[in-house]
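This report concerns only the one structure given below.
Just the heavy atoms: all of them, side chains too, but no hydrogens, waters or symmetry mates, feed the values below. Numbering starts at 1 and runs along the sequence shown. Atoms within each ligand, like the ligands themselves, are counted from 1 in listed order.
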Amino acid sequence: MKPYAAADIGTWDHTADVVIAGYGVAGAAAAVEAARAGADVLVLERAGGWGGAAALAGGFIYLGGGTALQRACGFDDSPEEMATFLMAAMGPGADAAKISAYSEGSVAHFDWLVECGVPFKPVFYGEPAWEPAGDEGLMYSGGENAHPFAELVRPAPRGHLPQMENKRTGERGGGYMLMKPLVETAERLGVKAHYGMRIEGLVTERDGTVCGVVARSYGERVTVRARRGVVLATGSFTYNEEMLAAHAPLLLDRPGSAVEEHDGLAVRLAQALGAGIAHMDACEVALHMDPQYLIRGIMVNGRGQRFINEDTYPGRIGQAALFQQANQTFLVLDEEGFEEAHRVSPAPEMLQLRPSWVCETAAELAAEMGLPPGALEATLEVYNRHAAEGRDSLLHKAARWLRPLRGPLGAVDLRGMTSGFALGGLTTGPDAEVLHVDGEPIPGLFAAGRATAGIAAWGYASGASLGDGSFFGRRAGRRAALNR
Ligand code: FAD
């Protein structure tokens with residue numbers, strides 16, 4: 001991982017003002033802005049084409065503060081309210097400076113995306129779901145309208161989705177309609193890209209300034225000089241088992257919403273230059289169940305106790321399940337709730353899991369599930385008593401979703417049903433400059449996307465990755481282009 005010395009390179013195979021590693025969302029946004037700032041830009045992409053995880057993604061981009069899309073859908077929002085929500089939901093330990101810049105710049109960032117050609121359909125999707133059923137453009141994507149955030153700050157939906165017909169998240173999702181216009185914009189601006197080229201080292205001048213990269217293309221070593229700066233945009237460390245074991249061990253064997261190219265290389269290369277890292281234990285976690293079911297039942301742990309309001313962002317339920325409940329959780333539902341969810345859910349079959357146990361009484365169900373005697377019965381007694389009164393005094397699920405669970409009960413076995421990606425990474429400044437552990441920028445080195453610790457420090461909201469990746473990617477590109 002040690003850097004190469006520029007003096008040892010000899011001849012350079014390629015030269016550009018700004019060299020960007022990775023052509024996913026952060027790399028594409030950096031490329032557009034670097035080119036607009038007048039730089040000659042070269043993107044090196046390890047895969048056979050642009051896209052990365054971003055092109056497979058559902059496409060949520062977390063934006064707010066009163067974007068044109070929010071207004072068109074009838075919602076008010078302000079940068080202050082957005083920042084208040086993000087500081088609470090992305091923490092503990094969220095980066096206040098980053099969140100403030102992100103919230104302040106969010107309306108303009110939305111306009112920038114539209115100007116680059118990213119389409120958004122001005123229709124709000126209000127159903128509980130991981131994603132909208134169709135090509136709707138706006139949705140709650142972080143639990144803004146549920147406890148505890150709904151009491152903290154006026155809720156506003158901020159999950160902005162590029163319009164994509166026949167989307168297939170994981171193959172070609174809404175994120176494709178983010179990436180395609182960004183790459184086309186970059187191409188129009190003269191950005192060049194080399195595919196099948198994996199960067200494997202940084203090159204530094206004698207004074208420590210980063211001035212290029214060493215890459216490998218079909219087994220051949222390739223040297224690339226960067227006159228003004230290098231931008232690292234190669235994604236997270238989700239597929240690096242050694243790094244997961246060291247920093248986020250609960251994510252081992254359960255990578256999700258990432259691609260195998262996310263091998264943590266950017267973090268290791270920059271660390272070898274003294275870069276700082278942050279929030280390496282934070283993870284996005286998906287729970288593999290449709291929220292239409294979750295919201296109508298109760299989530300219980302291995303002791304038969306509820307642990308979270310089921311109407312919150314399903315990613316918060318996933319995080320709580322994996323990190324606080326040892327990944328041992330069950331969904332308990334009655335027949336009415338199950339049938340209603342089944343009737344209204346547009347989710348794929350894999351998110352509509354069937355109950356593993358169905359019994360006439362809570363006691364029988366608890367026995368079949370192997371829960372401690374009396375625990376589930378006590379949980380249901382309290383939940384039902386409060387639900388009949390229209391309140392959830394324990395965990396504050398909203399009244400509209402409360403109904404006593406009666407009659408035959410079923411339990412869906414959600415033990416181990418989580419996956420996710422790492423959120424931690426390089427410490428960067430407000431202009432995406434990579435910071436040394438001493439707090440000073442490492443000259444010539446910039447980074448964005450999931451190679452960095454972004455706006456999510458521990459909590460998460462859908463859209464935070466495509467959001468901060470594109471937002472700080474732009475800053476990385478512009479700042480690198482203006483570097484002398
Ligand atoms: P990427 O977009 O993955 O780009 C990194 C690029 O770097 C890749 O093209 C990779 O091949 C390349 N690369 C890696 N190593 C090298 C190397 N050594 N040299 C050269 N190139 C290299 N996030 C959201 O915010 N909203 C969502 O709705 C959402 N849904 C998702 C659904 C799915 C199915 C998936 C897979 C992901 C989803 N995500 C979502 C996560 C999001 O896509 C990623 O976190 C985001 O794309 C990270 O941006 P990035 O630019 O850091 O990485």
side-chain contact (heavy atoms from CB on, under 4.5 Å) partners of Arg227, counting only residues at least two apart: Thr15, Asp17, Asp40, Arg225
Among [options], which one puts a heavy atom closest to [atom]?
atom	options	value
atom 51 (O) of ligand 1	Gly49, Pro162, Ala30, Ala26	Ala26
atom 43 (O) of ligand 1	Ala447, Gly256, Ala53	Ala53
atom 32 (C) of ligand 1	Gly469, Ala57, Gly201, Gly449	Ala57
atom 19 (N) of ligand 1	Ile199, Val43, Thr234	Ile199

Who's the nearest protein heavy-atom neighbour of [atom], and how far?
atom	result
atom 12 (C) of ligand 1	Glu45 OE1, 3.3 Å
atom 26 (N) of ligand 1	Phe60 O, 2.9 Å
atom 5 (C) of ligand 1	Ala233 O, 3.3 Å

For ligand 1, which atoms sit closer than 4.0 Å to a heavy atom of [X]?
X	answer
Met197	19 (N), 20 (C)
His262	1 (P), 3 (O), 53 (O)
Leu44	20 (C), 21 (N)
Thr169	32 (C), 34 (C)
Gly22	6 (C), 7 (O), 12 (C), 21 (N)

Heteroatom proximity flag, Leu265 to ligand 1, N/O under 3.5 Å: no
Over 12 foreign heavy atoms within 6.0 Å of CD, Glu187: yes
